[in-house]
Asks: 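Sending over a structure as structure tokens; questions will come in a sec.
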Amino acid sequence: MRVAVEFGKSKIYTALVFSIHKEAPIGYEAKDIYQILDDKPLVNEIQLEHWKWIATYYMCSLGEVYRSALPSAFLLESETVILFNTSFKNENNLTEDEFLIFEALQYQSQLSVNQIMEILDKKTVFPIIKSLIEKEVIIVKEQIYEQYKPKLIKYVQLTGSWSSSNKLSELLDLLSRAKKQRELILAYFQLKATKNDIKVIELQDVSRTSSSIIKALVDKGILEYYFIQTDRINFDGKTEAIKQLTPSQITAFNAIKSNFKTKQAVLLKGITSSGKTEIYVKLIKELLHNNKQVLYLLPEIALTTQLIERLQYYFGEYLSVFHSKYSMNERVEVWNNVLENKQKAQLILGARSSLFLPYSNLGLIIVDEEHEPSFKQFDPAPRYHARDAAIVLANQHNAKVLLGSATPSIETFYNAKQGKYGLVELNERFGKVQLPEINLVDIKEKHRKKRMKGHFSDTLILLIEEALKNKEQVILFQNRRGFAPVLECETCGESPQCPNCDVSLTYHSFKNELRCHYCGYKQAKPYNCFACGSEKLNTKGFGTEQIELELQQLFENANVGRMDLDTTRGKYGYQKILGKFKHHEIDILVGTQMLSKGLDFENVSLVGIMNADAMLNFPDFRAHERSYQLMVQVAGRAGRSKKRGKVIIQTFNPYHQILQQVSTHSFEKMYKEQLNERWEYKYPPFYRTIKITIKHKNYTTLNDGALWLGKAFNNVFKENVLGPAIPAISKIRNLYIQHFIIKIPQKQSILKTKEAIGRVKSTFQAVKVFRSIKFIMDVDNY
Ligand code: ADP
Ligand code: ZN
Ligand code: ZN
């Protein structure tokens, strides 16, 4: 259970009782537990075992695991700030104490826990706060950005003067020359026969027209928009039977099950759109039938409404969703439901943090898109890999793990080839649709022949035109947001740098400003070069924003949309853009890697990768693997139904082996080549890596520390340590950075290695001048 414990005079923290013993601490006197916060345990034994494994394996403290595992509402502290929940209405069922707080919040915008103690003149206030949260009177500050916003749906109706039905023929006469608009009005009346309110998207669907036709009628004063508030997508009782699997899917399904007899984990390598999800669904069904809990893990960006809705249809009241964009109350609710093993939480769909929920009866964990690097938590600790931690968790529950991907990670595929995991392949797309045709376009050549318009080759332009003509949609991928990454002086070559970080600032045309993507620093775009004063400032490189702008100029009649971190902020930002795309309000969607995941749009016939070179040249041993995966995944968005899709990859280097492998769908070839390189340069899966990063605001102190550590590590690990090295970005948020990579051969004990690192670390931190250097350990770093 959780307990409140006191540190110093007034600081109170929420802690968790991990074990009970009778050895009094030496050297200080322990205080009493301040208060027990729960009536019954909030966590279970298996869960704590798992946390312990994470802390040990990923070299962090148990407290760090606990902090990231529990929803923040469970972690009240004396400094926690409480705010009034403005949507709260009914104050009648509040207790006296609760009412006092409610009242105080009418005069003060926020209260700290300490202030609440003063107001109530008592120290035991956590239960009151807890109850206020449950009654939705208050919210905890850090959640403020997730406050519930009602979702509005856009409807359309005839304006007053046209709304009576005897006006129909007059209206149709009026529109006799606008064929599309006429058809739309007919569709409107057809819908009106059965419905009072007609959604814009419904009308578009039925009339097979685009939003521009509706807009034209609105402009003419014939139609008008109005909005109705709906609730968040909640299960509405609609269900659907699971799909009949195709013969090849059945073969795969059976192979998975027979592999499970001898293996704990199985890799399902199925090409994009082969129906992996439908296979998961069939497995889930069986487990739910046997009253087992199932966890369906996805990278955050792949958790789309599309997939949630699909699973809701199949599993309705068994499904709960858990991820960081959900509000505190929703997360607490899911936690409690899992803890009590309620039916509603028997199937959890979630991002990596859902590994920490209090499962008691897990039967299966599905890790979809298992190759995704975002499964690895980068910062803060615990720096765990959700796929690997899932395998350990499943082991503790005696459950199975299904890893799914069209482009497995080198590590996983290696494990499968070695027989550690089962391997099942599915090489046929559903409906026997062919994989897209992938063509490489040499833009060096195109530049030379003057066949480029901005960043578009004539080949790509032609294909976009063709797609638009056929009323098909286009996806363009540019792995960089912003307008043009840097501003460069034509006279002296300088570009403006972030004052806090070692990076050039990125130009954002929308606000005409320069921003740092690492620390958030921003400034207005300068008129002169800061170094030489010249006015000739040019943009170098290009991002999503510039592509969007060029598209608007090249294809004046097309609706262009953009999806990147800048346009998808807020809880519904992402869904809004996808919704528009789905309903064909967007013809061409430009975006970053967010586009590569979980999107299933029938009407996309063309995918363009604007520039493949930046990702291939990224300085990291996984860059080639990662580029292959990204390109194949993005390409997989094309031609998912009926017609064969087309993919264009623009590059300066069409003979690059990875591009050749992407264009011929040669996964095995890519795997073999990469594996050879990993062997040669001593990287996973042959060696494990631990990355040690040190940071300090003073460059000399850091450098001295790095040299000291370099010697110490060298003594212990000899040639298996790289560094100290200065990373490409050597300063972030005013802290200088250096790092080491420690490589661990297969036969070397991981435990002993970690102990050795631990010893070096404590000796290092015993040196007075080095004590203020941050020391970060990242096991199996990405
Ligand atoms: P993947 O996860 O492998 O990319 P999906 O499971 O998303 O593939 O399947 C692609 C599309 O094909 C989806 O729209 C899905 O509903 C459809 N589909 C796949 N298998 C079947 C099936 N057996 N019956 C009907 N539709 C299917
Ligand atoms: Zn200059
Ligand atoms: Zn910065």
Side-chain angles (χ1 to χ4, degrees), residues 240-253 256 267-285 296-299 302-304 306-314 349 366-372 402-408 424-436 482 485-486 495-506 508 513-523 582 596-604 629 632-642 645 695 697 728-737:
E240 212 174 79
I242 71 171
K243 297 212 157 64
Q244 194 86 41
L245 296 185
T246 64
S248 54
Q249 288 169 344
I250 291 175
T251 311
F253 176 79
I256 292 169
L267 167 65
L268 171 60
K269 178 178 177 293
I271 57 177
T272 53
S273 204
S274 57
K276 293 183 290 296
T277 317
E278 304 299 338
I279 293 178
Y280 306 153
V281 163
K282 181 109 201 261
L283 265 178
I284 295 170
K285 193 96 189 169
Y296 190 141
L297 267 185
L298 267 168
L303 265 173
T304 55
Q306 243 186 344
L307 180 71
I308 298 174
E309 270 173 12
R310 199 162 150 195
L311 292 178
Q312 234 157 16
Y313 280 145
Y314 293 143
L349 175 66
I366 292 164
V367 185
D368 195 13
E369 313 286 7
E370 70 79 30
H371 63 277
E372 259 298 308
L402 182 59
L403 307 171
S405 175
T407 51
V424 175
E425 301 204 36
L426 184 54
N427 289 318
E428 182 185 284
R429 281 187 141 186
F430 175 70
K432 304 226 162 82
V433 187
Q434 277 179 293
L435 279 172
V486 292
S495 21
Q497 304 283 310
C498 173
N500 313 317
C501 311
D502 166 37
V503 288
S504 302
L505 293 168
T506 305
H508 286 248
E513 63 186 14
L514 300 177
R515 278 192 224 165
C516 172
H517 285 181
Y518 289 87
C519 72
Y521 170 87
K522 55 186 173 205
Q523 65 175 67
K582 181 174 175 190
S596 67
K597 289 286 114 48
L599 308 182
D600 187 12
F601 296 115
E602 291 195 349
N603 196 32
V604 176
Q629 288 160 344
V632 170
Q633 296 283 352
V634 177
R637 306 303 117 204
R640 285 175 77 91
S641 68
K642 296 166 281 195
K695 299 184 183 178
K697 61 180 190 303
I729 295 162
S730 66
K731 186 177 133 193
I732 296 180
R733 293 173 195 269
N734 281 320
L735 293 177
Y736 290 93
I737 308 168

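Note that the structure is a prediction, hence the values are computed from the model and not measured. For ligands, and for the atoms within them, numbers begin at 1 and follow the listed sequence. No hydrogens, no waters, no symmetry mates; every other heavy atom, side chains included, goes into these values.
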Asks: First locate atom CG of L297, then atom CD of E372, and finally report the distance between them rounded to the nearest 0.5 Å.
Replies: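 Answer rounded to 0.5 Å: 12.5 Å.
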
Asks: How close do H371 and S405 get, heavy atom to heavy atom, and via which atoms?
Replies: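 Heavy-atom minimum between the residues: ND1-OG, 2.8 Å.
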
Asks: Kindly say whether K432 contributes a backbone atom to a donor-acceptor pair with the side chain of Q434 at under 3.5 angstrom?
Replies: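 Not at all, since once roles are kept as given, no pair shorter than 3.5 Å links the two residues.
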
Asks: Locate the shortest heavy-atom distance separating C501 from R733; write the atom from each residue and the value.
Replies: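 Heavy atoms of C501 and R733 come nearest at SG-N, 3.2 Å.
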
Asks: I271 heavy atoms, cut-off 4.0 Å: which ligand 1 atoms fall inside?
Replies: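 By the 4.0 Å cutoff, the relevant atoms are 3 (O).
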
Asks: Quick check: does any side chain N or O of R429 sit under 3.5 Å from a backbone N or O of T272, one acting as donor and the other as acceptor?
Replies: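 Here the side-chain-to-backbone pair exists.
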
Asks: Backbone N or O of S274 within a donor-acceptor pair of the Q249 side chain at under 3.5 Å?
Replies: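 A pair under 3.5 Å: yes.
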
Asks: Answer yes or no for G270: is there a heavy-atom contact with ligand 1 below 4.0 Å?
Replies: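 No; G270 lies far enough from ligand 1 that no heavy-atom distance drops under 4.0 Å.
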
Asks: Considering only heavy atoms of Q244, which atoms of ligand 1 have at least one such atom less than 4.0 Å away?
Replies: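 Here the atoms of ligand 1 in question are 22 (C), 23 (N), 24 (N).
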
Asks: Answer with yes or no whether R429 contacts ligand 1, where contact means a heavy atom under 4.0 Å from a ligand atom.
Replies: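 Not so, R429 does not reach ligand 1.
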
Asks: Which atoms form the tightest heavy-atom contact between E240 and Y314, and what is the distance?
Replies: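 In terms of heavy atoms, the two residues are closest at O-CD2, 3.7 Å.
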
Asks: At the Zn ion (ligand 3), what is the angle formed between atom SG of C498 and atom SG of C501, rounded to the nearest 10°?
Replies: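 The SG/SG angle about the Zn ion (ligand 3) sits at 110°.
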
Asks: How far apart are the closest heavy atoms of T277 and R310, and which atoms are they?
Replies: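 Taking every non-hydrogen atom into account, CB-NH2, 3.4 Å.
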
Asks: Which part of E278 is near ligand 1, with near meaning a heavy atom under 4.0 Å away: side chain, backbone, both or neither?
Replies: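 Looking at E278 and ligand 1, atoms from backbone and side chain both fall under 4.0 Å.
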
Asks: If you measure from each heavy atom of I279 to ligand 1, is any distance below 4.0 Å?
Replies: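 I279 does not count as a contact of ligand 1 under the 4.0 Å cut-off.
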
Asks: Identify whether the distance between the nearest side-chain nitrogen and carboxylate oxygen of E369 and K276 falls below 4.0 Å.
Replies: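 No, E369 and K276 are not salt-bridged.
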
Asks: Heavy-atom distances under 4.0 Å decide this one: backbone, side chain, both or neither, for Q249 against ligand 1?
Replies: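 For Q249, only side-chain atoms sit under 4.0 Å from ligand 1.
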
Asks: Is any N or O atom of T277, backbone or side chain, closer than 3.5 Å to an N or O atom of ligand 1?
Replies: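 Yes, there is a polar N/O contact under 3.5 Å.
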
Asks: Do you know the tightest heavy-atom contact between L245 and K282?
Replies: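 Smallest heavy-atom distance, with atoms named: CD1-CD, 4.0 Å.
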
Asks: Which is closest to atom 5 (P) of ligand 1 in terms of heavy atoms, Q633, R310, K243?
Replies: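 Ranked by closest heavy atom to atom 5 (P) of ligand 1, first place is R310.
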
Asks: So for ligand 1, is L245 a polar contact partner (N or O within less than 3.5 Å, distance only)?
Replies: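 For ligand 1, there is no N or O atom that lies under 3.5 Å from one belonging to L245.
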
Asks: Give the residue, atom name and distance (to 0.1 Å) of the protein heavy atom nearest atom 14 (O) of ligand 1.
Replies: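 Answer, as residue, atom name and distance: D600 OD2, 2.8 Å.
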
Asks: At a 4.0 Å threshold, what atoms of ligand 1 neighbour a non-hydrogen atom of S273?
Replies: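 Ligand 1 atoms under the 4.0 Å threshold to S273: 1 (P), 3 (O), 4 (O), 8 (O), 10 (C).
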
Asks: Please list the nearest protein heavy atom to atom 9 (O) of ligand 1 with its residue and the distance rounded to 0.1 Å.
Replies: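 For atom 9 (O) of ligand 1, the nearest protein heavy atom is G275 CA, 3.6 Å.
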
Asks: Among protein heavy atoms, which lies nearest atom 17 (C) of ligand 1, and at what distance?
Replies: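 Closest protein heavy atom to atom 17 (C) of ligand 1: F430 CD2, 3.6 Å.
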
